[in-house]
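Contents: one structure, followed by commentary.
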Amino acid sequence: MTKLRYAVVIPAVAGTLLAGFTPAFAGEEAKQPLNSTNIPAQYANQKLAWHKCTSSELPTPPPPGAEDIECATYQTPRNWYRADDKIDLTIAVSRLKATSGKATDSVVTNPGGPGAPGRNFPARFRNQAKLRANQEIVGMDPRGTGKSTNITCGGAIGTGSDLDPRDRRRENLNLILDATRYAAHSCQVKSGELGPLINTDQTVRDIDLLRVLLGRDKINWAGYSAGTWLGAHYAQQFPARTGRFLLDSSTEFTTTWQKSFDWQPLGFERRWRQDFLPWLGKYDKLYHFGASGEEARQTYEQVRYALTQHPVTLDGTTVSANALDSFIASQLYNKRNFIPLAQYLVNVRTLTQGGASQQQKAEAAKQVKAKVNDKVTGPQPLMVPSDGDAYDASFWTIPCNEGPWTGSPNSAIRQSQKLIDEQKPLLGAGWFIQPCLFWNNPPAPLPPMTGKGVPPVLIVESEHDPATPIEGAQRAHKAFANSRMITVTGEGDHGIYAGGNAGVDKVVEDYLVDGKVPNDQKLPGVPLPVPAGA
């Protein structure tokens with residue numbers, strides 16, 4: 001499984017509004033008591049002690065415009081179905097206050113994952129003037145991650161990560177499976193009794209408690225990537241408490257995690273072959289990597305093969321063939337990364353070439369090392385640093401804890417070979433690395449996700465999204481009653497709203513702020529970057 005964890009803010013480019021709106025929220029239900037969901041009083045009566053966040057409370061310093069971000073914590077039951085046990089967890093939250101001085105609404109945000117910490121995530125919305133005028137932007141580290149009560153896999157995730165899944169010798173595949181089995185076992189042992197309770201159902205109830213503590217009859221939602229799964233499940237569970245829910249870069253939340261993830265090899269390969277490599281070929285005079293997408297891919301294959309023979313080691317950091325593929329995948333989430341990714345590939349090629357001078361190799365090594373240590377350049381409001389391995393642990397634990405995960409190690413190997421045969425090796429070669437096949441805890445059943453009784457939710461999806469491919473989003477849209485979908489054409493970024501597309505931002509904010517539910521429509525994306533000196 002590939003982590004759904006990167007996206008980047010891009011410069012604002014005007015888009016075009018293509019469709020009209022339909023009225024929203026006719027026939028609202030009668031107002032209910034704030035705590036109509038029977039939250040025990042010792043939790044519902046807490047007060048959020050908001051204060052300016054200290055440097056120790058955030059994973060990274062807040063960017064300009066978000067310097068006044070505030071922090072608080074609250075207690076939640078470890079197990080909502082045994083709240084009388086009085087075993088509590090700490091949940092860390094944050095907010096950017098409404099610029100008008102008094103918020104009339106709260107928009108709760110989530111960066112994805114699953115399980116990604118989001119306490120610093122409100123910074124992404126710091127420049128959204130219309131949204132911030134009368135809404136506070138609320139962030140949250142879900143149970144298990146960040147500054148909330150953590151789980152851990154004991155550092156076991158990543159064992160065997162330099163083994164090449166394209167090496168289809170049975171002994172190599174068995175080594176990778178053994179490493180996956182070991183890490184899955186370690187996750188379950190090290191996370192103890194809390195581990196099985198890191199799941200969507202428990203987190204949704206933590207969010208509803210947060211709603212009560214914020215004093216809101218309803219919350220609005222801006223969830224990205226796996227945050228669309230969490231938002232949709234909240235809406236289905238608590239439709240009367242659902243305000244305006246944005247599901248940006250959507251998972252196929254109407255099915256299982258396994259089926260939703262299974263779109264990823266297609267999505268990443270399409271972004272790689274149809275967007276990045278042709279762009280790289282277009283600027284061959286600058287990068288000299290190949291004059292077409294296919295020529296550039298062949299050069300990459302040569303570099304990758306060289307790494308299988310002689311991995312590059314830089315001060316203890318190994319750039320292996322598998323590490324190269326993982327790095328490439330991490331950069332495909334947003335077009336802003338195309339220029340640094342191109343230079344990275346050029347530098348790795350230099351390090352694998354016999355004819356390069358020592359000076360050339362030294363300079364290339366310096367730049368590659370810098371990129372390995374700082375994987376994405378520029379402002380990163382969607383990047384989600386975590387404490388220890390809590391995010392990695394949650395990313396594995398949540399899907400494995402809920403819903404069925406079918407198959408066996410041998411069937412997963414056959415699946416990955418089929419993906420290789422279908423020319424989807426970037427992620428497909430390693431698609432047999434499925435920790436949920438080795439999970440011992442019985443999975444919690446997922447509720448039917450029909451959208452019945454839920455107010456209109458808005459899905460935003462780019463045509464070439466690598467991590468949450470459009471095919472899954474379309475299926476979720478079709479299955480979830482009363483949802484609307486904006487398709488962003490000529491676009492492959494993961495994370496669209498508040499990312500520089502003015503046309504999309506307008507439609508989204510007309511919905512989030514004014515309650516105007518859009519019709520299904522298509523809006524244009526933002527052009528790919530032009531490198532300096534091109």
Side-chain angles (χ1 to χ4, degrees), residues 21-37 39 44 46-48 50 65-66 68-72 74 91 93-111 118-119 121-140 204 206-224 227-228 230-232 234-235 237-248 381 454-460 482-484 497-498 504-518:
F21 294 105
T22 55
F25 314 125
E28 296 244 4
E29 69 284 344
K31 188 172 181 178
Q32 302 180 57
L34 187 66
N35 183 13
S36 64
T37 49
I39 298 169
Q46 297 175 84
K47 302 296 182 184
L48 292 172
W50 292 111
D68 294 331
I69 190 169
E70 295 181 325
C71 287
Y74 64 95
I91 304 296
V93 291
S94 64
R95 72 174 179 182
L96 282 177
K97 297 173 73 173
T99 54
S100 65
K102 183 172 176 57
T104 57
D105 292 284
S106 300
V107 54
V108 179
T109 63
N110 184 275
R119 206 182 204 186
F121 196 55
R124 178 180 175 91
F125 308 91
R126 64 193 182 279
N127 297 321
Q128 303 304 121
K130 183 174 180 178
L131 180 69
R132 290 197 60 197
N134 295 301
Q135 298 201 47
E136 58 185 358
I137 314 298
V138 179
M140 175 185 186
V204 157
D206 295 341
I207 294 169
D208 195 55
L209 170 56
L210 175 60
R211 173 192 63 78
V212 171
L213 300 182
L214 292 170
R216 303 297 180 197
D217 292 319
K218 298 182 180 183
I219 53 169
N220 296 334
W221 182 263
Y224 294 70
T228 65
L230 190 57
Y234 180 93
Q237 180 78 10
F238 300 111
R241 299 308 189 179
T242 296
R244 299 151 191 173
F245 272 42
L246 169 67
L247 310 180
D248 192 309
V454 176
V457 301
L458 177 59
I459 298 170
V460 175
N482 210 21
S483 62
R484 306 291 198 272
Y497 172 60
V504 172
D505 283 4
K506 182 182 188 310
V507 177
V508 168
E509 290 185 351
D510 283 348
Y511 166 74
L512 282 177
V513 179
D514 301 326
K516 298 177 181 176
V517 181

[X] side, atom [atom1]; [Y] side, atom [atom2] - distance, nearest 0.5 Å:
X: Arg126; Y: Asp68; atom1: CZ; atom2: CG; answer: 13.0 Å
X: Leu96; Y: Ile69; atom1: CG; atom2: CD1; answer: 5.0 Å
X: Leu214; Y: Asp105; atom1: CG; atom2: CG; answer: 11.0 Å
X: Asp208; Y: Ser36; atom1: CG; atom2: OG; answer: 7.5 Å
X: Leu512; Y: Leu246; atom1: CG; atom2: CG; answer: 5.5 Å
X: Leu131; Y: Asp505; atom1: CG; atom2: CG; answer: 10.0 Å

For this session: Determine, for Glu136 against Arg95, whether the closest basic-nitrogen to carboxylate-oxygen distance falls under 4.0 angstrom.
Result: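 Between Arg95 and Glu136 there is a salt bridge, with a charged N closer than 4.0 Å to a carboxylate O.
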For this session: Output yes when Lys130 and Asp514 qualify as a salt bridge under the 4.0 Å nitrogen-oxygen rule, no when they do not.
Result: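 Salt bridge flag = yes for Asp514 with Lys130.
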For this session: Could you tell me whether the side chain of Pro518 reaches within less than 4.5 Å of the side chain of Asp510, counting heavy atoms only?
Result: no
For this session: Apply ring-ring contact (aromatic ring centres under 6.0 Å, His included) to Tyr74 and list each qualifying residue two or more places apart in sequence or on a separate chain.
Result: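 Residues passing ring-ring contact (aromatic ring centres under 6.0 Å, His included) with Tyr74: none at all.
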Does [Y] offer a backbone N or O that forms a donor-acceptor pair with the side chain of [X] under 3.5 Å?
X: Asn220; Y: Arg244; value: yes
X: Arg119; Y: Val93; value: yes
X: Ser94; Y: Cys71; value: no
X: Arg484; Y: Ile459; value: no
X: Glu509; Y: Gln128; value: no
X: Thr228; Y: Asp248; value: no
X: Arg211; Y: Leu34; value: yes

Problem set entry | Test side-chain contact (heavy atoms from CB on, under 4.5 Å) applied to Tyr497 and Val460, step by step | CA-CA 8 Å; Tyr497 172 60; Val460 175; 5.8 Å; no
Which atom of [X] lies closest to which atom of [Y], heavy atoms considered:
X: Ala222; Y: Phe121; value: O-CE2, 4.5 Å
X: Thr242; Y: Pro455; value: O-CG, 3.6 Å
X: Ala44; Y: Leu213; value: O-CD2, 3.6 Å
X: Met140; Y: Leu210; value: SD-CD2, 4.3 Å
X: Ala133; Y: Thr99; value: CA-OG1, 3.3 Å

Problem set entry | Full working for side-chain contact (heavy atoms from CB on, under 4.5 Å) between Val204 and Leu230 | CA-CA 7 Å; Val204 157; Leu230 190 57; 4.0 Å; yes
Exercise. Can you say whether the rings of Trp221 and Phe245 are parallel (under 30°), tilted (30 to 60°) or perpendicular (over 60°)?
Worked result: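 Because their plane-to-plane angle is under 30°, the rings of Trp221 and Phe245 count as parallel.
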For this session: Mind telling me whether Phe238 and Tyr234 have parallel, tilted or perpendicular rings, with 30° and 60° as the class edges?
Result: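 Plane angle between 30° and 60°, so tilted.
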Problem set entry | Intermediate values then yes/no, side-chain contact (heavy atoms from CB on, under 4.5 Å), Ile207 and Ile219 | CA-CA 9 Å; Ile207 294 169; Ile219 53 169; 3.8 Å; yes
Problem set entry | Pairing residues for Arg132 by the salt bridge (charged side-chain N to carboxylate O under 4.0 Å, His left out) criterion, not counting sequence neighbours |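 Partners of Arg132 under the salt bridge (charged side-chain N to carboxylate O under 4.0 Å, His left out) test: none.
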Exercise. How far apart are the C-alpha atoms of Asn482 and Val454, what are their side-chain angles, what is the distance that settles it, and do they pass the side-chain contact (heavy atoms from CB on, under 4.5 Å) test?
Worked result: CA-CA 8 Å; Asn482 210 21; Val454 176; over 6 Å; no
Exercise. Is there a donor in the side chain of Arg124 and an acceptor in the side chain of Tyr224, or the other way round, less than 3.5 Å apart?
Worked result: yes
